[in-house]
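Numbers here simply count residues along the sequence, with the first being 1. Order of listing sets the numbers, starting from 1, for every ligand and every atom in it.
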Amino acid sequence: MKWIEKELELLANTSMKRSLHDSSPVSESPGYTFRGERLLLNLSSNDYLGLAQHPAIIEVMRETLLKEGVGAGASRLVTGNSPLYSRLEAALAEWQNCEAALVFANGYMANVGVIGALVGRDDVVLSDQMNHASIVDGIVLSRAEHARYRHNDMEHLRALLNKHSNKRRKLIVTDAVFSMDGDQARLQELVRIKQEYGALLMVDEAHSGGIYGMRGEGLCHELGLQNNVDIHMGTFSKSFGVYGAYICGSRMLIQWLVNKARPLIYSTALPPAIVAGISKALLLVQVEHWRRERISVASKVFRSALCTAGFQIGTGDSPIVPLIIGDNAKTLRFSEALEASGIASVAIRPPTVPDGTAQIRFTLSAAHTDRELTDAVAQIRAIGHQLGVLSL
Ligand SMILES: *Cc1c(COP(=O)(O)O)cnc(C)c1O
């Protein structure tokens, strides 16, 4: 295994080595995290609505834990299908205004399961270059041809659709809000193109569910496109603060997935307490509008403060705010300096983002106050000057 040692050295030498750090939640302060003894403002969590510590979710999970135990004991098709699932899936279908829904253990497995169930060797998947890794892995496992189009480049997508016109099935897949850059897919155009080419359209709302739409249904609803999307996917691990994922669509689609989605069939069901927690979170996401309003204001405040300070940041209005630095080592130093000044924010480096686009990826929470965010920007600005990211 000597080669591993060499490869790890190589990663370290190019500032690409990753390692695990303890990070403990701070009860009652969802906008913070403990790193060891140090309390840091958490600008790297996906708990956008600040629900991960919600007492009502904790309570329902505790009750379910005491009644139903810690584990499901089997996959959903065997004896792991707690009745809590059918209640949750009915609520999900109602929320998304679609025929049916199916809960998966997490977003990664949902993407891998759905793509693998829908396409195979004779098919093509058209996938935005910036799509999440779980979509990429789903395509690879499906054995369909992987046609990557340049980020949000609809002309490139059309060219690839023309090139693959002989394929049996065509599936277009996109993140609704891109997980690294925080910008939006061009959903209106994707709907037009999918209709024109007779393709299926799948949208991953991992970073837009809970945040967009009147009841947090996601970006497709916000734009009034929900009926033109064939497969809606979202997670419960980000805005919902819990864990798990859903697929919404037609009754037929859901039946097909129950029969063909391997991560659903060959893996143990979520613990019942998690399913109960998701149900409660789904309710809160719909009724606690102030969380959605707050994250929207927080995103505006933070984005405009960074711009005023002179930073180049990603476009859009989402709570994902990338600060592109480029160089891996400098990005790592930036992240270390942030930690020293009380801010947790990770350096995102290749291969998560393309070479030469290493970045600090800030993510916000409804729990952050304007004051916390503008104070953070003052620190970020000072570090930007120190490291020469901002010129004087
Ligand atoms: C986080 C994420 C996933 C995976 O979801 P998990 O529930 O964390 O496994 C899938 N797609 C996108 C776009 C994501 O950001």
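In terms of polar-atom proximity, defined here as any N/O pair under 3.5 Å, Ser237 does make such a contact with ligand 1. In terms of polar-atom proximity, defined here as any N/O pair under 3.5 Å, Thr235 makes no such contact with ligand 1.
Atoms of ligand 1 lying under 4.0 Å from any heavy atom of His207, numbered from 1 in the order shown and given with element: 14 (C), 15 (O). Annotation for ligand 1: atoms under 4.0 Å from non-hydrogen atoms of Asn111 are 10 (C), 11 (N). Within the listing of ligand 1, atoms 13 (C) sit less than 4.0 angstrom from a heavy atom of Asp175. For ligand 1, the atoms lying closer than 4.0 Å to a non-hydrogen atom of Ala206 are 2 (C), 11 (N), 12 (C), 13 (C), 14 (C), 15 (O). For ligand 1, the atoms closer than 4.0 angstrom to any heavy atom of Ser179 are 15 (O).
With respect to Glu288 and Arg291, a salt bridge is recorded, a charged nitrogen being found less than 4.0 Å from a carboxylate O. We find that Asp370 and Arg294 are joined by a salt bridge, their nearest charged nitrogen and carboxylate oxygen being less than 4.0 Å apart. Contact check on Lys2 versus Glu5 returns a salt bridge, with a Lys/Arg side-chain nitrogen under 4.0 Å from an Asp/Glu carboxylate oxygen. A salt bridge is defined here as a Lys NZ or Arg NE, NH1 or NH2 lying under 4.0 Å from an Asp or Glu carboxylate O, and Glu196 with Arg158 meets this definition.
Taking the centre of each ring, Tyr246 and Phe236 come in below the 6.0 Å mark.
Nearest protein neighbour of atom 6 (P) of ligand 1, counting heavy atoms only, is Gly107 N, 3.3 Å. Considering only non-hydrogen protein atoms, atom 11 (N) of ligand 1 sits nearest to Asp204 OD2, 2.6 Å.
Aromatic ring pairs are classed by plane angle as parallel below 30°, tilted from 30° to 60° and perpendicular above 60°; the pair His232 and His221 is tilted.
Just one residue in the list Lys167, Arg168, Lys170 forms a salt bridge (Lys or Arg N to Asp or Glu O under 4.0 Å) with Asp123, and that residue is Arg168.
Defined by atom type and a distance below 3.5 Å, a donor-acceptor pair is missing between the side-chain atoms of His132 and Asp175.
The option with the heavy atom closest to atom 14 (C) of ligand 1, from among Met130, Met233, Met180, Lys238, is Lys238. Looking at Phe236, Tyr108, Tyr243 and measuring to atom 4 (C) of ligand 1, the nearest heavy atom belongs to Tyr108.
Heavy atoms of Ser134 come nearer than 4.0 angstrom to ligand 1 in at least one pair. By the 4.0 Å heavy-atom criterion, Met109 is excluded from the residues contacting ligand 1.
Asp47 is not listed as a side-chain neighbour of Phe240, based on a closest heavy-atom distance of 4.5 Å or more.
Residue contacts with ligand 1 for Ile135 are absent, since no atom lies close enough (heavy atoms, distance under 4.0 Å).
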